[in-house]
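This chain uses plain numbering: 1 for the first residue, then up along the sequence.
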Amino acid sequence: MKWLFALLKIAKVGSLISIFISLGAYALVYGWKFAVALVYLIYIHEMGHLLAAKRKGIKTSNAIFIPFVGALIALKEEPKDANQEAYLAFGGPLLGTLAFLPAIPLFMMTENPFWLLVITLGAMINLFNLMPVHPLDGGRIVGVISTKLWVLGIIGMVVYLFLHPNPFLILFLLLGISKWWKEFRSEITRNQRDSVIEINQFGLEQLEQYAGATDDEKIRMFNIWNMELSQLYEKFNNMKSWHIPLLDDNKLKEKQLTEVKLNIYRLLIDAANSKEEYQYGPTDFENIGTYERIVATFFKEMQEQTEIRDKEKSYYSSSLKTKVIWFSLYIGLAVFLMITSLYAGDLMEQYKTLLP
């Protein structure tokens with residue numbers, strides 16, 4: 001009974017229910033022995049992710065099992081960098097591999113085909129998860145080595161999908177392509193954030209200049225802002241609503257920045273219309289006037305965009321030593337699982353009539 005209480009501590013009711021649903025679904029199709037082996041292997045694999053996350057102090061949801069798909073764990077906070085993400089991802093296939101290792105000597109001693117089934121399933125499940133396609137574990141691991149490896153994973157997934165058609169594989173492929181595309185265009189995104197920061201900086205400088213201006217200068221600045229706003233509205237309304245990726249990148253960027261500028265000038269005019277004096281110092285966002293609130297908005301936007309840009313820029317940066325370590329761990333585990341899978345597959349042919 002001790003193992004049952006330990007299980008209840010790790011997995012809450014929802015997770016347990018999903019486990020039994022998966023057991024029942026697999027048992028109906030493949031038999032209960034196959035179902036027990038498969039759910040056990042998936043469970044230990046997911047526990048590897050949970051333990052890795054716990055070691056890094058990252059909160060997660062409990063493992064939720066989805067019949068004929070596997071299981072998933074949601075992170076409640078993002079990893080700080082690709083190195084930490086690789087650590088979380090590697091925990092799954094590492095513990096998943098350890099889960100079926102005892103079945104090797106058990107099969108050698110008993111020649112019971114059930115243990116061969118455990119070995120084969122364990123090797124295949126963890127090897128598949130090591131495919132370098134995001135969001136599979138392999139894609140998260142190789143990201144710290146080089147995101148260019150995702151291209152190889154996408155090609156491999158296309159070939160695998162051609163040989164083994166599966167709607168869930170299509171989903172993984174689409175997610176992988178989406179992640180690769182986002183990273184491929186990351187430089188453009190960072191440049192865009194730089195422009196947004198500059199525009200908000202301009203808005204802040206305009207407000208500070210307005211605060212120290214004479215009444216005549218304030219009127220002149222207010223008229224200029226109105227004129228700029230009218231011109232931007234006209235420009236924005238003449239822009240097309242759709243754009244072709246890559247071909248229309250510059251036009252899309254121009255439209256997005258025009259929209260940001262529109263918002264800046266609207267805020268500048270709102271600040272001027274508030275008739276409030278700008279005073280440095282207040283930090284209580286809820287208890288400040290319109291003018292101060294707009295200033296705080298500019299500051300906040302600049303800070304958020306800077307933090308996101310800096311994280312995006314450094315997220316996949318790692319030392320050569322880190323890359324070599326992860327490459328060695330990834331290749332080593334993948335080769336072991338591949339050899340095990342091929343050898344176990346050959347034995348399965350000999351024992352297929354005795355398999356459960």
Side-chain angles (χ1 to χ4, degrees), residues 77-81 182-243 245-317:
E77 55 185 285
E78 292 294 323
K80 65 178 183 180
D81 53 35
K182 180 181 178 181
E183 180 59 25
F184 177 73
R185 294 172 60 82
S186 60
E187 188 66 29
I188 296 174
T189 303
R190 286 195 292 271
N191 290 337
Q192 187 82 339
R193 294 195 190 283
D194 285 335
S195 298
V196 173
I197 293 169
E198 290 175 4
I199 294 171
N200 278 274
Q201 179 66 43
F202 166 77
L204 186 61
E205 291 170 355
Q206 286 286 291
L207 276 185
E208 291 178 349
Q209 183 180 340
Y210 184 85
T214 63
D215 289 342
D216 289 341
E217 289 172 338
K218 287 181 178 180
I219 293 172
R220 181 182 61 82
M221 293 180 71
F222 184 82
N223 290 334
I224 291 174
W225 294 344
N226 266 313
M227 182 180 66
E228 290 287 346
L229 186 62
S230 298
Q231 291 176 352
L232 287 170
Y233 266 125
E234 183 178 356
K235 179 182 179 181
F236 184 80
N237 290 331
N238 289 330
M239 292 178 171
K240 63 181 183 181
S241 58
W242 56 272
H243 297 85
L246 293 179
L247 297 179
D248 288 338
D249 274 354
N250 289 333
K251 292 181 180 179
L252 177 60
K253 178 181 178 181
E254 184 181 7
K255 181 177 181 179
Q256 291 171 341
L257 292 181
T258 299
E259 193 169 6
V260 174
K261 290 178 182 177
L262 276 170
N263 186 53
I264 294 296
Y265 278 108
R266 280 196 293 262
L267 289 173
L268 288 173
I269 291 172
D270 287 345
N273 286 330
S274 69
K275 306 297 183 183
E276 297 171 3
E277 292 296 327
Y278 176 47
Q279 297 177 357
Y280 295 90
T283 56
D284 186 357
F285 194 81
E286 297 299 325
N287 297 316
I288 57 179
T290 302
Y291 200 105
E292 290 287 352
R293 193 184 302 277
I294 292 171
V295 171
T297 299
F298 288 151
F299 267 119
K300 185 178 180 182
E301 182 67 14
M302 289 168 57
Q303 183 180 19
E304 288 180 351
Q305 291 294 329
T306 300
E307 289 176 355
I308 295 172
R309 180 203 61 191
D310 292 346
K311 182 176 181 179
E312 290 175 343
K313 188 175 182 179
S314 63
Y315 190 83
Y316 288 106
S317 298

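A salt bridge links Arg190 with Glu187: at least one charged nitrogen is closer than 4.0 Å to a carboxylate oxygen.
Checked by atom type and distance alone, the side chain of Ser195 pairs as donor or acceptor with a backbone atom of Asn191 at under 3.5 Å. For Glu304 (side chain) and Glu301 (main-chain N/O), no donor-acceptor pair under 3.5 Å exists by modelled atom type. The closest donor-acceptor contact from the side chain of Ser314 to the backbone of Ser317 lies at 3.5 Å or more, if one exists at all.
Environment of CD in Glu77: crowded, with over 12 heavy atoms of neighbouring residues, nucleotides or ligands closer than 6.0 Å. Counting non-hydrogen atoms of other residues, nucleotides and ligands closer than 6.0 Å to CG of Asn237 gives a total above 12.
In summary, of the residues considered (Val196, Leu204, Ile197), a side chain to side chain contact (heavy atoms under 4.5 Å, CB included) with Asn200 occurs for Val196 alone. The only member of Ile294, Leu207, Val295 that meets side chain to side chain contact (heavy atoms under 4.5 Å, CB included) when paired with Leu267 is Ile294.
Arg266 is linked by a salt bridge (charged side-chain N to carboxylate O under 4.0 Å, His left out) to nothing, counting only residues two or more places apart in sequence or in another chain. For Glu205, the side chain to side chain donor-acceptor pair (under 3.5 Å) partners at least two apart in sequence or on another chain are Gln201.
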Could you give the side-chain donor-acceptor pairs of residues 223-231 under 3.5 Å, partners two or more places apart or in another chain?
from, atom 1, to, atom 2, distance (Å)
Asn223, ND2, Ile219, O, 3.2
Trp225, NE1, Gln206, OE1, 2.8
Ser230, OG, Asn226, O, 3.1

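The shortest heavy-atom contact between Lys80 and Lys311 is O-CE, 4.1 Å.
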